[in-house]
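So the structure is just underneath, and the comments pick up after that.
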Amino acid sequence: LNAVETYLGNAENDSWPLATLFPTLRPTSLAPNEPHRIAIHGNGAVEDAWFDCHTALIGTDVLCTAIPADEAVKADSRRREFTQTLTKTFAELAIGLAIFDRSRRLVLFNPALLDLTVLPTDFLTSRPSLVGFLDHLRENRVMPEPRDYRTWRTSIADLEAAAVDGTYSETWSLPDGQTYHVTGRPHPDGAVALLFEDISAEMSLTRRFRAEIEQSQAAIDAFDDAVAVFSQAGELTLSNHAYCKLWNTDPENGLGAVNLTEATRQWHALSTPTPVWGDFRDFAQLSQDREEWSATVSLLNGQSVLCRFLPQKAGATMVIFHVQSGSSARASLREAG
């Protein structure tokens, strides 16, 4: 009675039988105990209301009940809006996303996954299993080729276990030259997400940068003079074989492991007392007004070394050590005198 008065108005509540609240409801066509959600459209003064209608057979009669479902409808509406927002967000991502539920069935993917994996849309929408999904990747040569099928199956089990723990992170080098960074992440309720990122450009840039460094290193290694470069922070960033030989250092220690103080301490230990090394430390720590200068030092083994100190970009400093012959050494000493 209250529902009729609220949603249909007082005029509908003056006579018998009462006005029909659910004109679309046909109790005899509904399965018993199976809910049927129906809306009552308000008369303008109140909002529409939703009810979950149930039917139950009592002998030859049918008992109908309508339970308010407004909150459930609002929750479903919020969930759909949230899902749509996530879907739009995922659609804009350049990273391929594949989410598998607790039974390891694909439940969500984005367009980037189609571009990266070249898997058919109908296959992905058929909710393949995780194993089936990865098997198709292997057939399409979108994952590293295993040595044999047993290794393949083992790698799949390891991938799933690592993804559940949130520790799966691998770089896949594909036969066509592309490189993917694949990450596995756990999600609530036992779900697992795989993220595919194309890092081919970054890897190509890294390889090219590494090749340029190796080429530069090979070039300075060919110099007869010893060369060392220190960064603004005072770390040794570049040296050649002649430098290691002259100052008796181990090239296996690695660049960046030696700082300016340690290097000059080694130079001091192998040369006669000289203020040059202290002057160089002061010069290397200057941030401006630096000009190239040179000095000659004598080593304990009797050799004379001409040292050139050159300022470089970004506050770096280059030192070139030239071991002089007897006549060159005498000329340098005369100039110094």
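Other residues, nucleotides and ligands contribute only 12 or fewer heavy atoms inside 6.0 Å of the CD atom of Gln215. Heavy atoms from other residues, nucleotides or ligands lying under 6.0 Å from NE2 of His268 number 12 at most. Within a 6.0 Å sphere centred on CG of Asn301, heavy atoms belonging to other residues, nucleotides or ligands number more than 12. Atom CD of Glu291 has 12 or fewer heavy atoms from other residues, nucleotides or ligands within 6.0 Å.
Applying the ring-ring contact (aromatic ring centres under 6.0 Å, His included) definition to pairs two or more places apart or across chains, those involving residues 106-125 are Phe123-His136. Counting only residues at least two apart or on different chains, the side chain to side chain donor-acceptor pair (under 3.5 Å) pairs with a member in residues 93-119 are Asp101-Ser103, Asp101-Arg127, Arg104-Glu160.
The structure places OG1 of Thr20 at 11.0 Å from CD1 of Ile40, a figure rounded to the nearest 0.5 Å. The CZ atom of Phe223 sits 7.5 Å away from the CD1 atom of Ile220 when rounded to the nearest 0.5 Å. If you take OG on Ser231 and CG on Leu238, they are separated by 11.5 Å, rounding to the nearest 0.5 Å. Distance check: Glu170 CD to His181 NE2 gives 9.0 Å after rounding to the nearest 0.5 Å. Taken from CG in Asp76 to CD in Glu81, the straight-line distance is 11.0 Å, to the nearest 0.5 Å. Rounding to the nearest 0.5 Å gives a distance of 5.0 Å between CD1 of Ile99 and NE2 of His187.
Not a single donor-acceptor pair under 3.5 Å links the side chain of Asp225 to the backbone N or O of Ile320. At distances below 3.5 Å, not a single donor-acceptor pair connects side-chain atoms of Asp52 with backbone N or O atoms of Ile67. In this structure, Ser129 contributes its side chain and Gly132 its backbone to a donor-acceptor pair below 3.5 Å. Under a 3.5 Å cut-off, the side chain of Ser304 and the backbone N or O of Gln324 do not form any donor-acceptor pair. Within the 3.5 Å criterion, the main-chain N or O of Trp50 finds a donor-acceptor partner in the side chain of Asp70. Under the 3.5 Å distance criterion, the side-chain polar atoms of Thr183 are left unmatched by any main-chain donor or acceptor of Ser169. A donor-acceptor pair under 3.5 Å is absent between the side-chain atoms of Thr296 and the main chain of Leu306, judged by distance alone. No donor-acceptor pair closer than 3.5 Å links the side chain of Ser77 to the backbone N or O of Val73. Using a distance-only test at 3.5 Å, with no hydrogens or angles considered, no donor-acceptor pair links the side chain of Gln303 to the main chain of Val323. No donor-acceptor distance shorter than 3.5 angstrom exists from the side chain of Ser204 to the backbone of Ser200, with no hydrogens or angles considered.
Between Thr317 and Arg290 there is a side-chain heavy-atom pair separated by less than 4.5 Å. Looking only at side-chain heavy atoms (C-beta outward), Leu113 and Leu194 stay at 4.5 Å or farther from each other. The shortest distance between side-chain heavy atoms of Val227 and Tyr243 does not fall below 4.5 Å. Under the 4.5 Å side-chain criterion, counting only non-hydrogen atoms from C-beta, Leu195 is not in contact with Val182. Contact of the Phe321 side chain with the Leu299 side chain is not registered, since no non-hydrogen atoms from C-beta on lie closer than 4.5 Å. You'll find the side chain of Leu270 reaches within 4.5 Å of the side chain of Asn248, heavy atoms only. Between Val62 and Leu57 the shortest side-chain heavy-atom distance falls below 4.5 Å.
Residues Ile213 make up the rest of the hydrophobic cluster containing Phe209, defined by ILVMFWY side-chain heavy atoms closer than 4.5 Å, directly or through other members.
Contact record, Pro23 with Leu21: CD-O, 3.3 Å, taken as the closest heavy-atom pair. Annotation for Ala226 and Leu246: closest pair CB-CD2, 3.9 Å, computed over non-hydrogen atoms. The nearest pair of heavy atoms linking Asp198 to Thr179 is OD1-O, 3.3 Å. Residue Phe100 comes nearest to Pro128 through the heavy atom pair CE2-O, 4.1 Å, listed as atom of the first residue, atom of the second, then distance. When every heavy atom of Arg141 is checked against every heavy atom of Pro175, the shortest pair comes out as NH2-CB, 3.1 Å. Contact detail for Ala242 and Asp224: the closest heavy-atom pair is CB-O, 3.6 Å.
Note: Phe309 and Trp277 have perpendicular aromatic rings, judged against thresholds of 30 and 60 degrees for the angle between ring planes.
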Quiz item: Would Val192 and Leu130 satisfy side-chain contact (heavy atoms from CB on, under 4.5 Å), going step by step from the backbone distance to the final call?
Solution: CA-CA 10 Å; Val192 170; Leu130 176 60; 5.6 Å; no
Quiz item: Which is it for Gln217 and Glu214 under the side-chain contact (heavy atoms from CB on, under 4.5 Å) test, yes or no, and what are the steps along the way?
Solution: CA-CA 5 Å; Gln217 184 66 51; Glu214 292 174 353; 5.6 Å; no
